[in-house]
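These notes are about the structure you will find just below.
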2 protein chains.
Amino acid sequence: MVSTPGAERAEPRKVTINDVARSAGVSRQTVSRALNDKDEIDGDTKQRVLDAARALGYRPSRFARGLVRQDTMTIGLVIPDLLNPFFTEVAAAALEAARTRGWHVVVYDTADRAEEERGTLQVISSQVDAVIGYFSCPESELEAFTRGMPVVLIGREGRSTRFSSIRIDGEEGVHAAVAHLVAKGHTRIGMLDHHTRAEPSIRHTWFTAAAAAHGVDPGAVVGADQTADGGGSALKELLSAHPDVTAVFTFNDIIAIGALREARRTGRSVPQDLAVIGFDGLQLGALVEPPLTSVALDTRRLGVLAIEQVARLLSEPPPLAITDLVVHAELRLSGSA
Amino acid sequence: MVSTPGAERAEPRKVTINDVARSAGVSRQTVSRALNDKDEIDGDTKQRVLDAARALGYRPSRFARGLVRQDTMTIGLVIPDLLNPFFTEVAAAALEAARTRGWHVVVYDTADRAEEERGTLQVISSQVDAVIGYFSCPESELEAFTRGMPVVLIGREGRSTRFSSIRIDGEEGVHAAVAHLVAKGHTRIGMLDHHTRAEPSIRHTWFTAAAAAHGVDPGAVVGADQTADGGGSALKELLSAHPDVTAVFTFNDIIAIGALREARRTGRSVPQDLAVIGFDGLQLGALVEPPLTSVALDTRRLGVLAIEQVARLLSEPPPLAITDLVVHAELRLSGSA
DNA sequence: TTGAAAGCGTTACCAG
DNA sequence: CTGGTAACGCTTTCAA
């Protein structure tokens with residue numbers, strides 16, 4: 001939980017521009033000139049001011065400065081887990097895109113907990129000019145906390161027109177993945193979904209549809225934590241419940257990688273004994289053995305699109321033009337299937 | 001490069017508290033009361049104000065608010081590459097530690113480029129209350145840009161007392177790594193250092209000393225980019241120059257993982273044909289095959305210590321108490337050596 | 001319960 | 001080249 005802010009302020013009262021002015025025997029404005037490197041100031045005076053400022057340990061207040069020169073954009077980026085490479089990749093792309101615009105990005109990691117998400121939502125509106133995030137709370141709540149602020153949702157459909165959202169469309173990709181497995185002769189395909197808070201994931205829906213389209217029974221599904229360990233345990237569970245499964249599709253690459261490792265541990269070779277296809281197409285997938293086949297999307301594009309959409313929202317008055325922002329995920333074949 | 005900030009402001013002039021007051025037919029203070037949920041206000045009035053605020057799309061200025069209630073702490077976290085899991089782990093820990101204090105963290109990814117680092121330094125002082133970072137520029141420059149602000153350096157010795165720094169001490173760990181390799185019968189041990197900007201890395205120094213202590217020739221060293229691909233190419237280069245090498249120590253785990261993959265590609269089995277020991281002890285090391293042996297440090301602790309040190313700096317007037325902040329790295333044996 | 005006035009720390013705009 | 005004055009948008013204090 002977010003504790004009382006500012007509990008640990010520095011003891012000494014803040015040194016202001018006035019203190020520096022007094023100490024240097026000049027006026028505030030002159031101090032301002034010296035510090036902001038204006039040229040309309042005498043060399044000696046400037047040096048004297050700079051010295052005084054340094055001596056006092058003066059640092060301009062970013063609030064006062066921001067108040068008068070309204071030229072700073074700060075974006076809040078809210079993600080459930082920075083250690084999940086998917087979000088790291090998105091965040092890295094967003095940071096870069098923001099940097100080219102001179103924008104600052106405050107990152108909030110909610111540890112995938114509703115409580116932290118709410119805490120963040122609570123404070124964020126007074127800290128940033130716009131929000132990009134992967135939220136799991138209901139839209140009504142989002143709405144309440146972000147009123148009047150541009151919000152871009154990633155990996156989630158925005159049902160209200162209040163929010164922009166960037167959709168991840170993996171329907172065709174998942175279809176292709178199942179088709180590939182079927183073509184390879186697999187007739188029993190399982191899925192390691194993620195442990196959802198409520199409903200099954202959309203990726204699961206895609207899987208079910210694709211399986212049905214190929215006459216495959218989509219019944220072998222277990223939930224997994226979104227970690228490699230979670231993927232390992234889930235695979236174990238899946239195989240013990242459905243020993244005839246010879247291929248698995250997973251909610252994401254992290255889970256797939258855990259499954260890969262579990263398969264290895266139990267002496268199955270991949271893809272011969274068990275084929276594995278993940279989702280996300282993380283760079284990480286290329287580092288494991290065998291390299292991971294995945295329904296891959298462009299995480300970089302996701303981050304960049306989000307920043308671009310914020311820019312659009314900022315310059316365009318509501319209501320939102322209903323641009324359909326989509327990142328498509330496509331099957332990328334590699335060693336694991 | 002960081003472009004002109006705020007180039008894309010919203011067209012419509014900002015709605016202020018005064019606009020809301022006028023629209024609701026009350027005074028500023030009443031609006032303030034309504035929005036801040038004070039109880040000294042009539043229910044109807046409050047509702048009317050809230051409605052007006054929503055209708056106008058009003059959002060309080062964080063600068064004005066920050067100016068009057070000085071209770072927000074924002075830390076700048078500067079790292080060379082968020083996609084490098086080492087920094088991701090440190091960042092995640094720092095974010096979490098900051099969150100428990102109610103602090104906000106602005107993350108800057110400098111893409112490992114001096115130019116971006118300078119750009120960041122340039123703007124950061126007017127955006128945050130303290131800085132935590134992995135910098136490569138000279139201290140004099142750091143000093144100039146962060147005057148009067150608490151600064152905590154990670155993974156780098158602070159030579160001046162102007163900065164706090166958290167040291168990574170891997171001397172014993174590297175010694176143990178070399179000892180382990182020697183005990184396994186390796187007599188020709190190479191190192192994949194990182195491509196440094198200037199001098200060889202301190203890790204290389206540790207390696208040289210450890211090798212000497214064990215009567216091993218430490219001459220087989222090549223530089224590598226800090227990526228898996230970089231590690232792969234570097235291993236190729238090392239082995240072609242020194243075909244008798246049977247074990248390598250690497251600057252970090254990412255490079256080691258690349259080396260692992262390259263070894264596999266060229267048909268060498270690890271650790272039989274080639275032993276590999278990395279540095280950092282990333283979680284990622286447990287996902288590759290074989291699991292990576294590494295001189296491991298507690299990245300989480302690094303991030304947490306940095307935040308704690310900022311807190312200390314904030315409450316303690318300079319000059320800095322010379323606390324020696326260290327994170328020790330120790331050999332963690334696994335499959336690759 | 002509400003409003004008027006006084007800042008918070010800084011920079012912009014004019015005078016001098 | 002320098003200083004006075006007026007914002008910037010908000011909250012706090014004190015009266016009404």
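In the text below, chain A, chain B and the rest are named by the order of the sequence lines, each starting its count at 1.
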Which residues share a ring pair (Phe, Tyr, Trp, His ring centres under 6.0 Å) with B/Tyr108, sequence neighbours left out: A/His104
Among all residues two or more places apart in sequence or in another chain, which pass the side-chain hydrogen bond (donor to acceptor under 3.5 Å, both in side chains) test with [X]?
X	answer
B/Thr110	none
A/Arg48	none
A/Glu96	A/Arg300
B/Gln47	B/Asp51

Boundaries of the chain B footprint along DNA chain C (any atom under 4.0 Å from a heavy atom): C/dT1 to C/dG9
Degree of bending in the helix from C/dT1-D/dA16 to C/dG16-D/dC1 once both end axes are built from five pairs, to 10°: 40°
Residue-phosphate contact under 4.0 Å: B/Asn36 side-chain N/O, D/dT11 OP1/OP2: yes
Backbone N/O of A/Leu142 and side chain of A/Thr146: donor-acceptor pair under 3.5 Å: yes
Qualifying side-chain hydrogen bond (donor to acceptor under 3.5 Å, both in side chains) pairs with a residue from residues 81-92 of chain A, counting only residues at least two apart or across chains: A/Glu89-A/Thr299
Distance-only donor-acceptor check, side chains A/Gln127 and A/Thr74, under 3.5 Å: no
Contact residues, residues 57-67 of chain A to DNA chain C [heavy atom, < 4.0 Å]: A/Tyr58, A/Arg59, A/Pro60, A/Ser61, A/Ala64, A/Arg65, A/Leu67
Contact check, side chains of B/Arg65 and A/Ser126, non-hydrogen atoms, under 4.5 Å: yes
Residues forming a side chain to side chain contact (heavy atoms under 4.5 Å, CB included) with A/Glu143, sequence neighbours excluded: A/Arg162, A/Phe163
Worked verdict on B/Leu121 versus B/Phe135 for side chain to side chain contact (heavy atoms under 4.5 Å, CB included): CA-CA 10 Å; B/Leu121 243 13; B/Phe135 293 96; 3.5 Å; yes
Distances under 3.5 Å only, N/O to N/O: pair up the protein atoms with those of nucleotides 2-5 of chain D.
| unit_1 | atom_1 | unit_2 | atom_2 | d |
| --- | --- | --- | --- | --- |
| D/dT2 | OP1 | A/Thr45 | OG1 | 2.5 |
| D/dT2 | OP2 | A/Asp42 | N | 2.8 |
| D/dG3 | OP2 | A/Ser27 | N | 3.2 |
| D/dG3 | OP2 | A/Ser27 | OG | 3.2 |
| D/dG3 | OP2 | A/Thr30 | OG1 | 2.6 |
| D/dG3 | N7 | A/Arg33 | NH1 | 3.3 |
| D/dG3 | N7 | A/Arg33 | NH2 | 3.3 |
| D/dG3 | O6 | A/Arg33 | NH2 | 2.3 |
| D/dG4 | N7 | A/Gln29 | NE2 | 2.7 |

Any pair counted as ring pair (Phe, Tyr, Trp, His ring centres under 6.0 Å), so long as it reaches residues 65-87 of chain B, sequence neighbours left out: B/Phe87-B/Tyr134
